[in-house]
Amino acid sequence: MNLKNDLLIRAAKGEKTERTPVWLMRQAGRILPEYRAVRESLSGFIELAKTPERAAEVTIQPVDILKVDAAIIFSDILVIPEAMGLPYEMVEKKGPSFPKVVKTAQDVEALKVADPESDLGYVIEAIKIVKKELDGRVPLIGFAGAPFTIFCYMIEGSGSKTFSKARKMLYADPELSHKLLQKITDGTIAYLKAQIAAGADLVQVFDSWAGILPPTQYSHFSTPYLAQICDAINEVPVTVFAKGAYFARAEFARLNCQTVGLDWNMDIQESRKLIGEDKTLQGNLDPCVLYGSPKQIAEATKAMLDQFGPQRHIANLGHGVYPDTDPEKVKVFIETVKEYSSK
Ligand code: CP3
């Protein structure tokens, strides 16, 4: 299907764009009252994610309300552990929790490689509905967690500031760690390919906990699996976003991906030098800027756009939008990107 607005895809491929495309990580859910209304009509996040018609509805809300240049499928990175045999719960005000975690070689053995057809059909179905309802208005982004970030949740069993149980496994049993990372990677590749077959126009891999590793461990336990994913996906552009991995930027230059996401700690010019001219950069406004006045938001957004330059940039925040952000402030960010970059 032809896209009426393909700015995101052209920017990712390094083709010329008449202005900078803009979307927000975690734009679906979290900040919109319209999302909360849908969520409250169901038993919670997981039921919503598993009801394709409603998941499709909240995926499209930000396109209609915020006027972003892309939709991102409403789901979660934790559907992969669930498909491998570790179901999760979403505890109100606390976040995800896994009743069962991975501790031993037997536990790793017992996990299956995620099969998108049999275990993740609800996401694939939601993508098909979104594509039909969007009717080419904007591209649809598919996504998955990076193997290392998924590994963290499968061992730790919940969020954590340090993920020290997961990090302990890397030291205590590197071989078993690689075995688990490979199993996650194999399922993730199949899952991303299924999302693309269903209509995803670009895919993003979130390595949210990249920043907790020392650089040498990151090169050993995360980058090789990101590389496998990037090498396997040739159908659509791939974006790698590794929060906190400032130390791995030179390594990312060698990944077979089109776009690298920057968080707000990463200097833009330095990132461009390290990552090179052949990739698109995405990001990286500090999400807390959106707590400022409209004037402050507009100024910070323009300063960011000046640093990235007009091409090979996808405007976004440096991480997901915070849940208590006023949607009106988000609109100031989006409108500023559109107007200022059109000049
Ligand atoms: O970007 C989008 O809008 C699409 C949907 C999306 C969700 N999660 C929905 C969600 C995406 C892309 C994610 C990715 C995700 N999930 C990541 C990587 C991105 C990042 O922020 O670093 C991570 C680490 C998770 C795991 C996760 N899911 C946590 C820690 C939590 C609890 C805290 C939170 O974010 O609210 C979730 C829950 C979750 N995932 C919600 C949504 C809309 C909130 C659930 C609710 O409505 O109660």
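Quick caveat, the model's predicted, so the values are computed rather than measured. Just follow the structure's listing: the first ligand is 1, and inside any ligand the first atom is 1.
Residues L66 and I334 approach most closely at O-CD1, 3.5 Å, considering heavy atoms. Heavy atoms only, all atoms of each residue included: D107 and V101 are closest at OD2-O, 3.9 Å. Residue V205 comes nearest to L226 through the heavy atom pair CG1-CD2, 3.8 Å, listed as atom of the first residue, atom of the second, then distance. Annotation for D263 and K243: closest pair OD2-C, 3.7 Å, computed over non-hydrogen atoms.
Against a heavy-atom cut-off of under 4.0 Å, F74 is close to the following atoms of ligand 1: 43 (C). Less than 4.0 angstrom separates some heavy atom of I73 from each of these atoms of ligand 1: 4 (C), 5 (C). Atoms of ligand 1 found under 4.0 Å from any heavy atom of M90, numbered from 1 in the order shown, are 28 (N), 37 (C), 38 (C). Counting atoms of ligand 1 from 1 in the listed order, those under 4.0 Å from a heavy atom of F206 are 12 (C), 18 (C), 19 (C). Counting atoms of ligand 1 from 1 in the listed order, those under 4.0 Å from a heavy atom of G95 are 32 (C). Close contacts between ligand 1 and Y35 involve ligand atoms 43 (C), 46 (C), 47 (O) [criterion: under 4.0 Å to a heavy atom]. Atoms of ligand 1 lying under 4.0 Å from at least one heavy atom of S208, given by number and element, are 18 (C), 19 (C), 20 (C), 22 (O), 24 (C). Listed by atom number, the atoms of ligand 1 under 4.0 Å from F143 heavy atoms are 6 (C), 11 (C), 12 (C).
Look at K243 and you'll find every heavy atom at least 4.0 Å from all atoms of ligand 1. G320 does not count as a contact of ligand 1, since none of its heavy atoms falls under 4.0 Å from the ligand. In this structure, F241 does not count as a contact residue of ligand 1, since none of its heavy atoms falls inside 4.0 Å of the ligand.
For a threshold of 3.5 Å applied to N or O pairs, the pair formed by A28 and ligand 1 contains at least one separation below that value. Note: no N/O pair closer than 3.5 Å links Y153 and ligand 1 by distance alone. In terms of N/O distances under 3.5 Å, ligand 1 is approached by R30. Here's the thing with Q27: one of its N/O atoms is less than 3.5 angstrom from an N/O atom of ligand 1.
At the shortest separation from atom 16 (N) of ligand 1 among protein heavy atoms lies D76 OD1, 3.1 Å. Among all protein heavy atoms, the one lying closest to atom 31 (C) of ligand 1 is P96 CD, 3.7 Å. Among protein heavy atoms, the minimum distance from atom 48 (O) of ligand 1 is reached at R39 NH1, 2.1 Å. Among all non-hydrogen protein atoms, the one lying nearest atom 13 (C) of ligand 1 is R26 NE, 3.5 Å. Ranking the protein heavy atoms by distance from atom 14 (C) of ligand 1 puts I77 CG2, 3.7 Å first.
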Run the ring-ring contact (aromatic ring centres under 6.0 Å, His included) test on F206 and F143 for me, step by step, so that the C-alpha distance in whole Å, both residues' side-chain angles and the decisive distance to 0.1 Å come before the verdict.
CA-CA 8 Å; F206 288 89; F143 72 90; 5.6 Å; yes

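L120 and V113 sit in two unconnected hydrophobic clusters of ILVMFWY residues. Membership requires side-chain heavy atoms under 4.5 Å apart, directly or through other members. Cluster membership for L7 and L202, using ILVMFWY side-chain heavy atoms within less than 4.5 angstrom, is not shared. By the criterion of side-chain heavy atoms lying less than 4.5 angstrom apart, applied directly or through intervening Ile, Leu, Val, Met, Phe, Trp or Tyr residues, V38 is grouped together with I46 in one hydrophobic cluster.
Contacts with ligand 1 closer than 4.0 Å are made by side-chain heavy atoms of H319 only, the backbone lying farther away. Contact annotation for S75 and ligand 1: only backbone heavy atoms (N, CA, C, O) come within less than 4.0 Å of the ligand.
For the pair V138 and V68, the minimum side-chain heavy-atom distance is 4.5 Å or more.
Ring pair Y153/F98 is tilted by interplanar angle, where 30° to 60° counts as tilted. Using the six-membered ring where Trp is involved, F74 and Y35 have ring planes that are tilted, between 30° and 60° apart.
When the heavy-atom distances from atom 42 (C) of ligand 1 to W209, F45, Y322 are ranked, the shortest goes to F45.
F247 and Y218 have their aromatic ring centers within a separation under 6.0 angstrom. Ring centroid separation for the pair Y246 and F252 does not come in under the 6.0 Å cut-off.
The pair R54-E57 counts as a salt bridge, with a side-chain nitrogen and a carboxylate oxygen less than 4.0 angstrom apart.
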